[in-house]
Engineer: 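Quick one: structure below, then a few questions.
Only a predicted model underlies this, so the values are computations on that prediction, with no experimental measurement involved. All ligand and atom numbering here is 1-based and tracks the order in the structure.
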Amino acid sequence: MRASVLDVTPDLDGAPEAVTPVYVVTEVPEPEAAAVDLELAAAGEKVFKKCKSCHQVGERAKNKSGPILNGVVNHAAGSVDGFKYSKAMKAVAEGGLIWTEYELAAFLTKPKAYLKGTKMSFGGLRKEADQIAVIEYLKTFSR
Ligand code: HEC
């Protein structure tokens with residue numbers, strides 16, 4: 001896979017010490033190429049309980065305090081219709097951030113450290129196994 005490095009400097013209010021995030025945008029695989037590990041996805045469904053208070057997935061999903069997460073894996077960040085994102089999320093979305101599994105794992109580890117100014121009020125998933133599992137679960141929902 002080819003990879004290109006984009007240097008994005010989001011215009012974040014009152015965050016002078018914010019580090020400049022470097023997003024590695026890899027080629028997005030074709031949907032049929034992304035095989036889903038169902039056992040791992042089932043484990044991820046349990047982890048997703050931590051997200052459910054704010055996010056919905058599935059056919060009848062609606063935006064709540066967080067956007068719907070159908071098809072989010074390998075999709076452009078900040079692109080759910082009708083959801084009012086934070087300035088910080090809009091800035092990285094304009095910078096071309098794609099939610100690759102790598103970027104999602106980094107975001108979910110500690111959302112506010114990854115994206116200063118995000119309105120996702122969630123402490124994060126400390127265990128890498130939980131991050132990987134919940135991402136696998138999210139892969140089972142397309143937009
Ligand atoms: C307290 C509410 C809350 C919880 C809990 C929460 N989120 Fe979020 N999430 C948000 C909000 C609000 C946003 C929009 C952030 C912004 O605009 O800065 C968001 C954004 C996201 C995005 C980016 C979506 C996009 O369209 O670009 C992903 C992916 C995500 N959350 C995944 C998760 C996962 C996975 C969990 C559970 C492990 C979780 N969130 C837990 C509120 C929450």
Engineer: So is Trp99 polar-close to ligand 1, meaning N/O to N/O under 3.5 Å?
Structural biologist: yes

Engineer: Test your reading of the model: is there a side-chain donor-acceptor pair from Lys139 to the backbone of Ala41, 3.5 Å cut-off?
Structural biologist: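 Answer holds: no.
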
Engineer: Quick one: does Tyr85's side chain have a donor or acceptor within less than 3.5 Å of a partner on Val80's backbone?
Structural biologist: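 Confirmed, Tyr85 side chain pairs with Val80 backbone.
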
Engineer: For atom 12 (C) of ligand 1, what is the nearest protein heavy atom, given as residue, atom name and distance?
Structural biologist: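 Looking only at protein heavy atoms, the one closest to atom 12 (C) of ligand 1 is Ser65 O, 3.1 Å.
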
Engineer: At less than 2.8 Å, would any N/O/S atom of Cys54, backbone or side chain, sit next to atom 8 (Fe) of ligand 1?
Structural biologist: no

Engineer: Side chain, backbone, both or neither: which applies to Phe48 and ligand 1 if a contact is any heavy-atom pair less than 4.0 Å apart?
Structural biologist: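 Looking at Phe48 and ligand 1, no heavy atom falls under 4.0 Å.
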
Engineer: Under 4.0 Å, heavy atoms only, figure out whether ligand 1 is touched by the backbone of Phe122, its side chain, both or neither.
Structural biologist: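 It is the side chain that gets close, since no backbone atom is under 4.0 Å.
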
Engineer: Is it true that Leu40 and Leu69 fall in one hydrophobic cluster, defined by side-chain heavy atoms closer than 4.5 Å?
Structural biologist: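 In one cluster: no.
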
Engineer: For atom 36 (C) of ligand 1, tell me which residue out of Pro111, Ser121, Gly123, Cys51 has the closest non-hydrogen atom.
Structural biologist: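 Checking each option, the heavy atom nearest atom 36 (C) of ligand 1 is found in Cys51.
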
Engineer: Mark up the atoms of ligand 1 that fall under 4.0 Å of a heavy atom belonging to Leu108, in ascending order.
Structural biologist: 32 (C), 33 (C), 34 (C), 35 (C)

Engineer: Tell me whether Ile132 is reachable from Leu38 by hopping between hydrophobic residues (I, L, V, M, F, W, Y) whose side-chain heavy atoms are closer than 4.5 Å.
Structural biologist: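 Cluster IDs for Leu38 and Ile132 differ.
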
Engineer: For the residue pair Lys62 and Gln56, what are the closest heavy atoms and their distance?
Structural biologist: N-OE1, 2.9 Å

Engineer: Looking only at atom types and distance, does a side-chain atom of Asn70 sit under 3.5 Å from a main-chain N or O of Val57, one as donor and one as acceptor?
Structural biologist: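 Answer holds: no.
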
Engineer: Please report which non-hydrogen protein atom sits nearest to atom 14 (C) of ligand 1, along with the residue it belongs to and the distance in Å to one decimal place.
Structural biologist: Phe83 CE2, 3.7 Å

Engineer: In terms of atom number and element, which parts of ligand 1 are under 4.0 angstrom from non-hydrogen atoms of Leu104?
Structural biologist: 29 (C)

Engineer: Which residue and non-hydrogen atom of the protein lie closest to atom 13 (C) of ligand 1, and at what distance in Å?
Structural biologist: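 For atom 13 (C) of ligand 1, the nearest protein heavy atom comes out as Pro67 CD, 3.6 Å.
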
Engineer: Polar contacts were defined as any N/O atom of the residue lying under 3.5 Å from an N/O atom of the ligand; does this apply to Ser86 and ligand 1?
Structural biologist: yes

Engineer: Could you pull out, from His55, Gln131, Lys50, the option with a heavy atom nearest to atom 10 (C) of ligand 1?
Structural biologist: His55

Engineer: Look at atom 11 (C) of ligand 1 and find which of His75, Met120, Lys84 reaches it with the closest heavy atom.
Structural biologist: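 It is Met120 whose heavy atom sits nearest to atom 11 (C) of ligand 1.
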
Engineer: With a 4.0 Å cut-off on heavy atoms, is Gly78 touching ligand 1?
Structural biologist: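 A heavy atom of Gly78 does come that close to ligand 1.
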
Engineer: Nearest to atom 26 (O) of ligand 1, what protein heavy atom do you find, and at what distance?
Structural biologist: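 For atom 26 (O) of ligand 1, the nearest protein heavy atom is Tyr85 OH, 2.5 Å.
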
Engineer: Taking it one step at a time, do Glu103 and Tyr114 satisfy side-chain contact (heavy atoms from CB on, under 4.5 Å)?
Structural biologist: CA-CA 9 Å; Glu103 295 297 342; Tyr114 176 92; 2.5 Å; yes

Engineer: Would Lys119 and Met89 count as a side-chain contact (heavy atoms from CB on, under 4.5 Å) if you check the C-alpha gap in whole Å, the side-chain angles of each, and the deciding distance to 0.1 Å?
Structural biologist: CA-CA 9 Å; Lys119 61 177 185 178; Met89 187 66 83; over 6 Å; no

Engineer: Can you name the nearest heavy-atom pair linking Thr109 to Gln131, along with the distance?
Structural biologist: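 For Thr109 and Gln131, the tightest heavy-atom pair comes out as OG1-NE2, 3.0 Å.
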
Engineer: If every non-hydrogen atom of Asn74 is compared with every non-hydrogen atom of Glu101, which pair is closest and at what distance?
Structural biologist: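 Taking Asn74 first and Glu101 second, the nearest heavy atoms are OD1-N, 4.4 Å.
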
Engineer: Suppose I only count heavy atoms of Phe107 and a 4.0 Å limit; which atoms of ligand 1 are within that range?
Structural biologist: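 In order of number, 21 (C), 22 (C), 28 (C), 30 (C), 31 (N).
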
Engineer: Name the option, out of Leu138, Leu125, Thr118, that contains the heavy atom nearest to atom 15 (C) of ligand 1.
Structural biologist: Thr118

Engineer: Within the side chain of His75, is there an N or O that forms a donor-acceptor pair under 3.5 Å with the backbone of Ile98?
Structural biologist: no

